[in-house]
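Down below is the structure, laid out as structure tokens.
Numbering of residues begins at 1 and proceeds along the displayed sequence. This one's a predicted model, so the numbers in the text were calculated from it and none came from an experiment. Order of listing sets the numbers, starting from 1, for every ligand and every atom in it.
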Amino acid sequence: MCGIVGYVGPREATEVLIEGLRRLEYRGYDSAGVAVMNGSGVQVRKAVGRLSALEKVLSGNGIHGGVGIGHTRWATHGVPNEVNSHPHISFDGKLSIIHNGIIENYRELKRELIEQGVTFKSDTDTEVVAHLIAKAFDGDLLHAVNAVLKRLRGAYAFAVCHNDQPDRIVATRMGSPLVIGLGDGENFIASDVPALLKYTRRVVFLEEGQLAEVTREGVKLFDSELKPVALKETTTSLTLDAAEKEGYEHFMLKEIHEQPHALAETIRGRIEGERVDLSELNLDAETLKGVNRIALLACGTSLYSAMVGKYLLERFTRIPTETWSASEFRYADPVIDPGMLVIAVSQSGETADTLEALRIVKAGGARTIAICNVMGSSIPRTVDGTLYTRAGPEIGVASTKAYTTQLAGFVLLAVGIGRMLGRTDEATEAKIVEGLRQLPGQTKALLDEDIVAVKRCAKRYKDVFNFMYIGRHFNYPTAMEGALKLKEISYIHAEGYAGGEMKHGPLALVEGTFPTIAIAPQGRTREKLISNVQEIKARKGVVVMLSTHGDEEARELADYLIEIPACEEELSPILAVIPLQLLAYYTATQLGRDVDKPRNLAKSVTVE
Ligand code: G6P
């Protein structure tokens with residue numbers, strides 16, 4: 001999983017490449033490199049570590065030219081070192097290539113090349129492709145790339161340059177994203193739109209299997225038979241500001257504070273009076289009556305939103321709903337039937353496991369929907385309809401605003417489907433719609449109020465080794481997500497548990513200094529969770545209570561009290577997770593962690 005960028009035009013290519021790579025570092029950041037063509041061959045610079053290391057190399061040993069490709073890497077084959085970093089160069093020194101994805105059959109191809117006398121420098125799968133294309137090259141790079149694609153299995157987005165055609169980049173994709181930026185006398189390619197925004201907002205999303213030939217003069221697209229394809233140009237509404245920190249110390253904090261706006265955007269146009277309006281999904285009662293079961297597919301934080309989604313869908317639609325980790329689903333020999341409605345949940349729309357699971361259910365004839373944040377990404381392009389969360393770019397690796405907007409998306413979907421099926425009455429719908437309307441304001445109030453208990457807790461417990469989070473029903477997934485936030489950015493071990501399960505094991509961990517965060521807002525399981533807290537208190541555990549404003553019982557029990565505004569219980573996971581995001585954030589910053597880029601992780605997992 002990596003970020004790729006390419007440039008052809010009158011500027012110094014390295015400047016454009018570095019600017020683009022900076023916007024793509026969220027895709028991987030263990031090494032980076034650029035290759036630039038200037039008529040007298042290709043020059044390459046690479047560095048291990050963050051992009052700043054590459055910038056340092058370039059400042060001491062710059063390269064000049066107007067055609068170039070750049071890469072920021074998240075290692076899959078071969079450790080992060082300079083040799084394994086991209087761009088890779090072919091055996092004859094003439095071809096340079098960058099790659100995002102995995103070539104699954106690279107071992108057999110490598111063996112074949114070694115038998116032909118090719119010497120390999122790196123451990124990567126990508127180098128194989130460099131040599132293959134160089135061998136196939138007979139004066140036309142486009143033809144050579146296309147010929148080699150037929151031999152590859154796996155996922156890829158490539159950008160390739162060749163010394164003998166130094167005015168162009170040939171790019172292609174299959175299973176990994178690639179977007180082309182159109183300029184005036186200059187053109188660009190990138191894994192994602194933010195890399196282009198400084199220069200252009202005119203974009204073309206490359207379809208699976210298409211090839212692009214990019215020169216100063218223009219961009220030509222081809223299908224896999226090399227037949228010309230018309231360019232479908234769009235103008236992105238993303239702004240560069242949206243991709244920057246806007247004065248916040250970290251993207252994560254900025255994104256936490258963007259939640260009121262993000263939620264308002266998700267709801268916008270989808271509630272009308274007292275009703276939910278899902279017309280954009282083209283769902284009708286007739287189709288829905290044929291749905292006998294719903295399956296939710298997701299990974300990571302999106303999986304926890306899907307867990308809440310299950311409860312919401314079952315409550316409002318009464319259709320049996322199952323939640324699957326997409327990576328499990330793929331290999332579980334799942335039962336798929338055409339009566340199944342599958343909802344894939346993904347911030348990026350590029351998570352490899354979710355995408356692949358989706359392809360499996362599509363092949364089985366199921367109807368598919370996505371809840372997704374990134375327009376034009378692979379998952380929305382695979383499904384029958386998408387509910388975009390409109391949260392704006394999420395750069396921090398730890399997901400925040402994408403999560404709460406996914407939850408809002410599920411509320412809309414569940415109530416909307418429930419109403420279409422006649423299983424949610426008008427009064428209930430009106431009540432939830434009113435709750436949704438209040439959400440942005442309530443979220444803002446929660447964020448504006450300096451949550452003192454959160455900061456105190458972060459300070460007091462930053463040095464513990466373990467944290468327990470408990471919740472029930474709608475807020476059981478909140479416990480999982482709260483624990484995930486803490487572990488991914490602070491590196492403190494944390495577990496999310498269903499409150500009722502404490503006595504079946506985890507209670508054994510509780511003693512004097514062991515902290516448990518109990519998520520107990522108003523709702524039908526509140527009392528039950530309070531009983532679980534009593535059991536912890538009886539064993540002298542420390543309890544941070546997260547409850548609804550004015551809950552006196554919670555106040556009495558709590559060692560630390562965090563309060564959220566009163567809301568419908570179906571909406572409470574949206575408000576309850578916000579203090580937990582902040583707790584993770586403040587704990588991590590106290591510990592001096594790299595909040596936006598935690599070790600070993602990446603924002604978008606485009607490999608299995
Ligand atoms: C990575 C990210 C998580 C994200 C997960 C799923 O692990 O670090 O924040 O929840 O991928 O990504 P998706 O884009 O499919 O929601």
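- Atoms of ligand 1 lying under 4.0 Å from any heavy atom of T351, numbered from 1 in the order shown and given with element: 6 (C), 12 (O), 13 (P), 14 (O), 15 (O).
- Checked against a 3.5 angstrom limit, the closest N/O atoms of E488 and ligand 1 fall outside it.
- Remark: minimum distance from atom 6 (C) of ligand 1 to any protein heavy atom is reached at C299 O, 3.3 Å.
- Any N or O atom pair closer than 3.5 Å counts here, and V397 shares at least one such pair with ligand 1.
- Close N/O approach between V605 and ligand 1 is not found [any backbone or side-chain N/O within under 3.5 Å].
- Counting non-hydrogen atoms of other residues, nucleotides and ligands closer than 6.0 Å to CD of E328 gives a total of 12 or fewer.
- For ligand 1, the polar-atom distance check finds an N/O of S302 within less than 3.5 Å of one of the ligand's N/O atoms.
- Using a 30° and 60° split on the angle between ring planes, Y469 and F467 fall in the tilted class, from 30° to 60°.
- The protein atom (non-hydrogen) at minimum distance from atom 11 (O) of ligand 1 is K603 O, 3.8 Å.
- By the 30° and 60° cut-offs, the orientation of the rings of H99 relative to F158 is tilted.
- Summarising the geometry, atom OG belonging to S305 is positioned 10.0 Å from atom CD1 belonging to I574; distances are rounded to the nearest 0.5 Å.
- With ligand atoms numbered from 1 in the order given, ligand 1 contributes 13 (P), 14 (O), 15 (O), 16 (O) to contacts under 4.0 Å with heavy atoms of S346.
- With rounding to the nearest 0.5 Å, the separation of OG1 in T321 from CZ in R315 is 13.0 Å.
- Atoms of ligand 1 found under 4.0 Å from any heavy atom of A602 (numbered from 1 in listed order, with element): 1 (C), 2 (C), 8 (O).
- Each of D192, T606, N100 was scored for a side chain to side chain contact (heavy atoms under 4.5 Å, CB included) with E350, with one residue passing: T606.
- In this structure, CD on E233 lies 11.5 Å from CZ on F205, to the nearest 0.5 angstrom.
- Listed by number with element, the atoms of ligand 1 under 4.0 Å from a non-hydrogen atom of S399 are 9 (O).
- For ligand 1 and Q347, the ligand atoms under 4.0 Å from any heavy atom of the residue are 13 (P), 14 (O), 15 (O), 16 (O).
- Here D123 contributes atom CG and Y106 contributes atom OH; the two are 7.5 Å apart, rounded to the nearest 0.5 Å.
- The nearest protein atom to atom 4 (C) of ligand 1, hydrogens excluded, is given as T301 N, 4.2 Å; this is a heavy-atom distance.
- Ligand 1 has no nitrogen or oxygen under 3.5 angstrom from a nitrogen or oxygen of T354.
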Notebook entry, point to check: Can you list the steps and then say if L313 with I319 is a side-chain contact (heavy atoms from CB on, under 4.5 Å)?
Noted result: CA-CA 7 Å; L313 284 160; I319 302 173; over 6 Å; no
